[in-house]
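Worksheet: the structure to be examined is printed underneath.
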Amino acid sequence: MTKIGILSLQGAFAEHATSLQKLGVETLAIRLPQDLENVDGLIIPGGESTTISQLAINYDLMKTLKNLAQNGFPMFGTCAGLILLARNISDSKIETIGAMDIKVQRNAFGRQTDSFETSLPIPVLGEIPFPAIFIRAPIIEETNSTVKTLARLPNGTPVAARQENLLVSAFHPELSSDLRFHAYFLDIVSR
Ligand code: GLN
């Protein structure tokens, strides 16, 4: 049976566990490198990317995460998790797993719109738009040709993408009751 790890250092990890449990999948809280030995994929939750990065370094997880991401291990990063998977961050110097060929900007929405919800067309999830919740969210500024953009804001800004084993969203699918984004990740894991 599929078992998904959820990086549980800081942030919205409990909500991801609930979404996956609703899909009938077993989850494991990941806090130490050896926890990663028994899972088939990893979710990196939203939270504060600077804090998650620092804790991952302190707990000796960063090196293992980098190796796994580069070797085809499925990872799904939401919001701060997207930042942690990005190879480039335009406005900060935090250490990231850095496996995905995207450049991101943290906190890309102004103060008034720090948080908002919008209905986004995401063709790989089907015809019904997805309820996307953005909380002090980043945006994807640049991708290369091996990155597939899965969703854009009405102004064209990419906010969800996939590059082989790596999946990211700038919004929080775990905070909505729509389970299609998590199901899409499980599909990547099962291949
Ligand atoms: N603003 C946070 C950061 O830069 C991300 C916010 C979130 O994950 N909801 O890390």
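First listed ligand is number 1; within each ligand, the first listed atom is number 1.
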Let me know which protein residues bring a heavy atom to under 4.0 Å of ligand 1; chain then number is fine for ordering. G46, G47, E48, S49, C79, A80, I83, R106, N107, I135, R136, H172
So with a 6.0 Å cut-off around CD of E127, is the heavy-atom count from everything else above 12? no
Return yes if some donor-acceptor pair links the side-chain N/O of N165 with the main-chain N/O of A69 below 3.5 Å, else return no. yes
Regarding E95 and K66, does a basic nitrogen lie under 4.0 Å from an acidic carboxylate oxygen? yes
K103: which residues meet the side-chain hydrogen bond (donor to acceptor under 3.5 Å, both in side chains) condition with it, sequence neighbours left out? none
Tell me whether D40 contacts the main-chain N or O of K3 through its side chain, where contact means a donor paired with an acceptor under 3.5 Å. yes
Do the charged groups of E174 and K22 touch, with an N to O distance under 4.0 Å? no
